[in-house]
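The analysis underlying the following values was restricted to heavy atoms, covering all of them including side chains, and did not include hydrogens, waters or symmetry mates. Order of the sequence lines fixes the chain letters, A, B, ..., with proteins taken first and strands second; residue numbering starts at 1 for each chain.
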There are 2 protein chains.
Amino acid sequence: MTSNWVECDIGSLKSGVTQRVKLFIYHTPELTPVDKVPECAIAVDVLRATSTMATVLAAGGEAVQVFSDLEQLIQVSQSWPAEKRLLAGERGGAKVPGFDLGNSPLDCTPDRVEGRRLFISTTNGTRTLQRVQNAQTVIAAAFINRGAVVKYLLEMQPQTVWIIGSGWEGSFSLEDTACAGAIAHAVVEQTGLPTDEIAGNDEVINAIALYCQWQDNLLGLFHHASHGKRLLRLQCYEDLKYCSQADTLDVLPVQKEPGVLKRY
Amino acid sequence: MTSNWVECDIGSLKSGVTQRVKLFIYHTPELTPVDKVPECAIAVDVLRATSTMATVLAAGGEAVQVFSDLEQLIQVSQSWPAEKRLLAGERGGAKVPGFDLGNSPLDCTPDRVEGRRLFISTTNGTRTLQRVQNAQTVIAAAFINRGAVVKYLLEMQPQTVWIIGSGWEGSFSLEDTACAGAIAHAVVEQTGLPTDEIAGNDEVINAIALYCQWQDNLLGLFHHASHGKRLLRLQCYEDLKYCSQADTLDVLPVQKEPGVLKRY
């Protein structure tokens, strides 16, 4: 009736990886340990902050700068030339009044974002990035740039990697855990290492199972997700569809200074 | 390569259920809402507190009384006739010195437990039961008595049900979430209601996927779980094997007074 683990795992050692990547998944920023930072932190907010960030940088945006506070965002952005900045703000799924953009990746077309810096604040995703901004490397990941993230991990081989879902106001979210599972699954598949060597905590095994169960129907999964339903009520069906595509953008948003992400 | 949702779901309405059960899964007691209680709370600590509780009551134990505090356990149990009591205590997976039992369901044979009350304190499971002890109905669930729990839900039709994993010292645990998923999956299957009508939060969809992915190899899942590994290091392989069996005991431990569970 259903597949078992073996079908979703790869038994043989495929690569010559010697230094082993250990992945830890946390469902929300609140669940991350507070007394340490990892070598590499991967923030995930599939619907839609990190999908938007990847899209902006792929479309030629100069950088993405994240803020939890809207006032601070406005203040910092004003020191930037008007023609070089874009203000993006989302609260509760909807665009902040007076801002150039909300949080829809579909609005981030090359003609709007090329050469510009996106100053952005969202309900959950920016908080995740801020929580881990002291890690040695900070990356923004979504389904659309999953392949680029995995490629980086396999090339750079950081020893300790946290993948952190943003959730919704402190709660678990399906789409972020599924994306974390997609990253972990690809690492297992491409290194050929046993899952138990890659997985640093139980959440990794869970997330891989979630991804494996839904990988052929990510859009269907988003329809079951509470935040997916919220966005559908806000008429964001095209956003869901766009964000459910895996590996479509070869772009890696990496933090260059606290809160500022640029294309790697 | 892997199954998708449809194979694990049942599309047609099978029962005449009119009052609809809404399930919410919480990964740990710490993640449950603090401002309310559900109509029915189901505490899950597969490895091993709730498996032990079901086993004791199936073997003819008079009741199970749970304590977070060991001193309090000793004090209360002393008011009970010596031949009618059993002290069970576990910390860090190991038996508390001086107690009759640790937390192994295999020790709970009819000749030891019949007619006796089990006074028990464990690292995680008893805390979960105490967190929800004010709910209208409180049940202890594990894989071994999953069927009895589901039968109760379908017969009594409580409107709001929380299934709460115990985890390990505040962290997510694979085996408890998989068991929560096994309960939710059976409710979906046996009512024939759409998953979205049954699922009150994202955790439910996640837990069903985890269970579906591993249902034919629960013992294998336990081997991937951090607490399963801890118990294997403590030579508890037979406990893992016993707790990985689904629907073997037709017993429902239900709270009769705060902290005291008896056979329904």
**Fill in**
When the 4.5 angstrom heavy-atom criterion is applied to H223(A) and chain B, the contacting part is backbone
**Prompt:** Residue by residue, which of residues 226-240 of chain B have a heavy atom closer than 4.5 Å to a heavy atom belonging to chain A?
**Reply:** S226(B), K229(B)
**Prompt:** If you round to the nearest 0.5 Å, how far is CG of D196(A) from NE2 of H224(B)?
**Reply:** 5.0 Å
**Prompt:** Heavy-atom distance under 4.5 Å between the side chains of L210(A) and L210(B), does that happen here?
**Reply:** no
**Prompt:** When rounded to the nearest 0.5 angstrom, what distance separates NE2 in H27(B) from CG in D202(A)?
**Reply:** 11.0 Å
**Residues of residues 161-178 of chain B near chain A, each having a heavy atom less than 4.5 Å away** = F172(B), S173(B), L174(B), E175(B), T177(B)
Please report, to 0.1 Å, the donor-acceptor pairs under 3.5 Å made by any side chain of residues 133-145 of chain B, with sequence neighbours excluded.
residue : atom : partner : partner atom : Å
N145(B) : OD1  : A142(B) : N            : 2.8
N145(B) : ND2  : A140(B) : O            : 3.2
N145(B) : ND2  : V251(B) : O            : 3.1

**Message:** Atom NZ of residue position K151(A) - does it have more than 12 heavy atoms of other residues, nucleotides or ligands inside 6.0 Å?
**Reply:** no
**Message:** Counting neighbours of NZ on K95(B) that are heavy atoms of other residues, nucleotides or ligands and sit closer than 6.0 Å, is the number greater than 12?
**Reply:** yes
**Message:** If I take atom CG from residue L31(A) and atom CG from residue L31(B), how far apart are they, to the nearest 0.5 angstrom?
**Reply:** 5.5 Å
**Request:** State which residues pass side-chain hydrogen bond (donor to acceptor under 3.5 Å, both in side chains) with T248(B); sequence neighbours excluded, sorted by chain then number.
**Result:** none
